[in-house]
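Numbers here simply count residues along the sequence, with the first being 1. Indexing begins at 1, ligand by ligand and atom by atom, following the structure's order.
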Amino acid sequence: MKDIVGVILAAGEGTRMKSAVPKVLHNLWGMPVLLHTIRALKCAGIDRIIVVVGYKSERIKEHLKGFEIVTQKELLGTADALYRTRKALFGFDGTVLVVCADAPLIKTDTILKLIHMHRDEQAACSLLSAELRDPTGYGRIIRNDEGEVVRIVEENDASIYQRVVPEVNSGAYCFDSKKLFAALDEIMLRPKRGEYYLTDTIDFFKRHKDKVVAHATDDPSEIIGINSRNDLALAHDILRKRIIEEIISGGVTVIDPGTTFISSNVTIGQDTIIYPFVFIEADVNIGKNCSVGPFCRIRSSTTIEDDTRIGNFVEITRSHIKRGTKINHFSYLGDAAVGSKVNIGAGTITANYNGKSKNKTFIGNDAFIGSGTILIAPVRIGDYATTGAGCVVPKGKDIPKGSVAIGVPARILKKSKRSHSK
Ligand code: UD1
Ligand code: MG
């Protein structure tokens, strides 16, 4: 979309989080809060996105490679944060879509609806609202007798009558760029808080007879602002359910959604079954017709190909498992490349960390790893090779194709029945 610029306000300190980490960098199912918000805008087709940073900006910028960044030096509130984009947006004539970085659950569809309403209504400002059972902490939308939005009142400034208003401000708005900066010029400092409120632009527009409209989302959970650890826990819960619904709708059986934890950026193929108490971290791809769990943890940067069985008490990280392999009981595989149709016996461990560095384990196709094998990486097990139960394969050892290794440390038997039979 050419005539629209997205602005993400991410400069705030987030004192209510009680954290040394800026609140927008807190992890939410495998991604910083801020990146969820950015993703929603990108998916809505918004090509130009400006992020306003301030508190611990250097740390935030590390996550924003390739983005247009504006710095708010003094944290003087949301209106001031947006005002900092003035130079970057000089000469721009169109829609400024503003979202708060601390509201990561906003949906792409909702952003698109807001943009369409803004265009249809030709408003100075169109904002996204929601009706909450408990509106505590949010700005309340105040409407006149005709139902028009006339003002937003923040929690601290609200009267007891205004506090019971269930309709709240999500912090997402579309503004007409020219009218926006005219309004920001006029916003007054709120002396009690020492901040300029972006919400005060509404009052300004109404006084200047400019149109303000609100679109109420039908899913209030998407406007959750992450201001405290409780909010973060709530966001985890909401997003977890959303992710699982999406995975299920792709043809995956999830036996117990209540005990299944799947992060963002996970793909799972059709007809795979996820058993209870499974935790899957970000950037994991699982193929079709697999079974995973119960009680296992698949960590980041792992690919599991089709027809694979991952059983109970198995942990896998940074590994690639080819199709048809079975890892059924009590195993740890880290930094491993495992071939197809491999059997990993119960209790197999890759000792991938020597205290200084992580090392790789390679296991060839059709290998048979006996129960309780310890593979001290870097190590290589050839195709069709077998390790006996309790075998310890020392680092640097290469178990040749088709051979059998037994004992501690592993010694290679000359012949392998398995290789002959293949
Ligand atoms: C804000 C809104 C409130 C709305 C709520 C929705 C105002 C005055 N209030 O309140 O009406 O219901 O969001 O979640 O806007 N930020 C900056 N610079 C600053 C201050 C904040 O960039 O100087 C950023 C923060 O990083 C955050 C966003 O703006 O991402 C909102 O700030 P926050 O302090 O969380 O405002 P709320 O109290 O939640
Ligand atoms: Mg907030």
Side-chain angles (χ1 to χ4, degrees), residues 6-17 19 21-26 28 32-38 40-41 50-57 59-60 64 69-85 98-106 125 127-132 134-142 149 151-158 162-163 165-173 175 183-184 187-190 192-204 214 216-217 220-232 234-235:
V7 177
I8 298 183
L9 306 181
E13 184 174 347
T15 44
R16 290 165 279 179
M17 286 295 280
S19 173
V21 178
K23 72 171 165 180
V24 296
L25 289 191
H26 277 259
L28 176 60
V33 163
L34 165 71
L35 294 192
H36 286 270
T37 317
I38 290 179
L41 261 64
I50 303 175
V51 187
V52 183
V53 298
Y55 179 68
K56 296 202 175 170
S57 59
R59 283 189 69 176
I60 296 180
L64 294 174
I69 294 171
V70 161
T71 304
Q72 182 190 24
K73 289 208 176 87
E74 253 186 293
L75 303 183
L76 293 174
T78 44
D80 180 74
L82 187 52
Y83 192 76
R84 300 295 128 206
T85 64
V98 180
V99 293
C100 295
D102 68 345
L105 300 186
I106 190 161
C125 171
L127 62 96
L128 178 70
S129 71
E131 290 212 0
L132 299 185
D134 177 10
T136 309
Y138 293 87
R140 311 297 202 278
I141 306 280
I142 309 299
V149 178
R151 185 173 326 121
I152 296 173
V153 180
E154 293 303 307
E155 172 94 10
N156 288 335
D157 310 313
Q162 290 167 333
R163 281 184 191 206
V165 170
E167 189 181 9
V168 302
N169 172 28
S170 70
Y173 325 76
F175 291 102
L184 290 176
I187 298 292
M188 307 286 281
L189 183 78
R190 295 290 192 121
K192 248 206 276 177
R193 294 283 301 272
E195 289 188 4
Y196 296 89
Y197 287 180
L198 182 53
T199 44
D200 284 347
T201 54
I202 308 303
D203 185 48
F204 175 90
T217 164
S221 74
E222 73 173 312
I223 72 128
I224 299 290
I226 296 183
N227 299 305
S228 67
R229 303 273 180 167
N230 271 326
D231 294 331
L232 185 59
L234 184 60

From the list Val53, Leu28, Ile60, side chain to side chain contact (heavy atoms under 4.5 Å, CB included) partner of Leu34 resolves to Ile60
Report task. Taking Ser170 for its side chain and Ile223 for its backbone only, find out whether a donor-acceptor pair lies under 3.5 Å. Result -> no
Any heavy atom of Ala11 under 4.0 Å from ligand 1? The part involved is both
So CZ of Arg140 and CD of Glu154: to nearest 0.5 Å the spacing works out to 9.0 Å
Looking at Glu155, Glu154, Glu195, the heavy atom closest to atom 9 (N) of ligand 1 belongs to Glu154
shortest atom 30 (O) of ligand 1-to-protein heavy-atom contact is with Leu9 O, 2.8 Å
Atoms of ligand 1 under 4.0 Å from any heavy atom of Gly139, numbered from 1 in the order shown, are 3 (C), 4 (C), 11 (O), 12 (O)
How about Ser221 and Leu105: do any of their side-chain heavy atoms sit closer than 4.5 Å?
no
- Message: Is there a polar contact between ligand 1 and Asp102, counting only N or O atoms under 3.5 Å apart?
- Response: yes
Among non-hydrogen protein atoms, atom 13 (O) of ligand 1 lies closest to Cys100 SG, 4.3 Å
- Query: Considering only heavy atoms from C-beta outward, does the side chain of Arg84 approach that of Thr71 to under 4.5 Å?
  - Reply: no
Under 4.0 Å from one or more heavy atoms of Lys23, ligand 1 contributes atoms 35 (O)
Under a plain distance cut-off of 3.5 Å, with no hydrogens placed, do Ser228 and Asn230 share a side-chain donor-acceptor pair?
no
- request: Evaluate the side-chain proximity of Val52 to Leu82: yes if any heavy-atom separation is below 4.5 Å, no if none is.
  value: no
ask   = Within less than 4.0 angstrom of ligand 1, does Gly77 place any heavy atom?
value = yes
Return yes if some donor-acceptor pair links the side-chain N/O of Arg190 with the main-chain N/O of Tyr196 below 3.5 Å, else return no.
no
Closest to atom 16 (N) of ligand 1 (heavy atoms only, candidates Gly12, Pro135, Gly194) is Gly12
Note: heavy atom closest to atom 29 (O) of ligand 1, options Thr78, Leu82, Val99, belongs to Thr78
Within 4.0 Å of some non-hydrogen atom of Gln72, the atoms of ligand 1 are 17 (C), 18 (N), 19 (C), 22 (O), 23 (O)
Going by heavy atoms in the side chains, are Val153 and Arg163 under 4.5 Å from each other? no
Query raised in the report: If you measure from each heavy atom of Val168 to ligand 1, is any distance below 4.0 Å?
Result: no
For ligand 1, is Asp80 a contact, meaning one of its heavy atoms is under 4.0 Å away? no
From the list Asn227, Asn169, Leu132, Val165, side chain to side chain contact (heavy atoms under 4.5 Å, CB included) with Tyr138 holds only for Leu132
| task | Check whether any side-chain heavy atom of Leu76 sits under 4.5 Å from a side-chain heavy atom of Tyr83, and report yes or no. | result | no
Ranked by distance from atom 12 (O) of ligand 1, the top protein heavy atom is Asn169 O, 2.6 Å
Within the 4.0 Å heavy-atom cut-off, what Arg16 brings close to ligand 1 is side chain
For Leu75, the ligand 1 atoms with a heavy-atom partner under 4.0 Å come out as 23 (O)
Practice item. May I ask you to check if ligand 1 and Val24 share an N or O to N or O distance below 3.5 Å? Key: no
Test side chain to side chain contact (heavy atoms under 4.5 Å, CB included), reference Tyr197, set Ile202, Asp157, Ile187, Ile152, output is Asp157
Taking only non-hydrogen atoms of Tyr197 and a 4.0 Å limit, the atoms of ligand 1 in range are 8 (C)
One finds that the ligand 1 atoms under 4.0 Å from a non-hydrogen atom of Thr199 are 7 (C), 8 (C), 11 (O)
**Item:** Any Leu76 heavy atom less than 4.0 Å to ligand 1
**Value:** yes
Does Tyr173, backbone or side chain, put an N or O under 3.5 Å from an N or O of ligand 1?
-> no
(request) Could you tell me whether the side chain of Lys23 reaches within less than 4.5 Å of the side chain of Leu232, counting heavy atoms only? (result) no
Does Gln72 use its side chain to pair, donor to acceptor, with the backbone of Gly77 at less than 3.5 Å? yes
**Asked** Is the closest heavy-atom distance from Arg193 to ligand 1 below 4.0 Å?
**Response** no
Would you call Glu74 a ligand 1 contact, heavy-atom distance under 4.0 Å? no
min-distance N/O/S atom, Asp102 vs the Mg ion (ligand 2), resolves to OD2
One should read off an interatomic distance between Ile8 CD1 and Ile69 CD1, to the nearest 0.5 angstrom, of 11.0 Å
**Q.** Asn227, any N or O under 3.5 Å of ligand 1 N or O
**A.** yes
Open item on the list: Tell me whether atom 19 (C) of ligand 1 lies less than 4.0 Å from at least one protein heavy-atom position.
Closed with: yes
Of Ser170, Pro22, Ala81, Gly54, the one whose closest heavy atom lies nearest atom 14 (O) of ligand 1 is Ser170
Interatomic distance, CG@Asp200 vs CD@Glu195, rounded to 0.5 Å, equals 11.0 Å
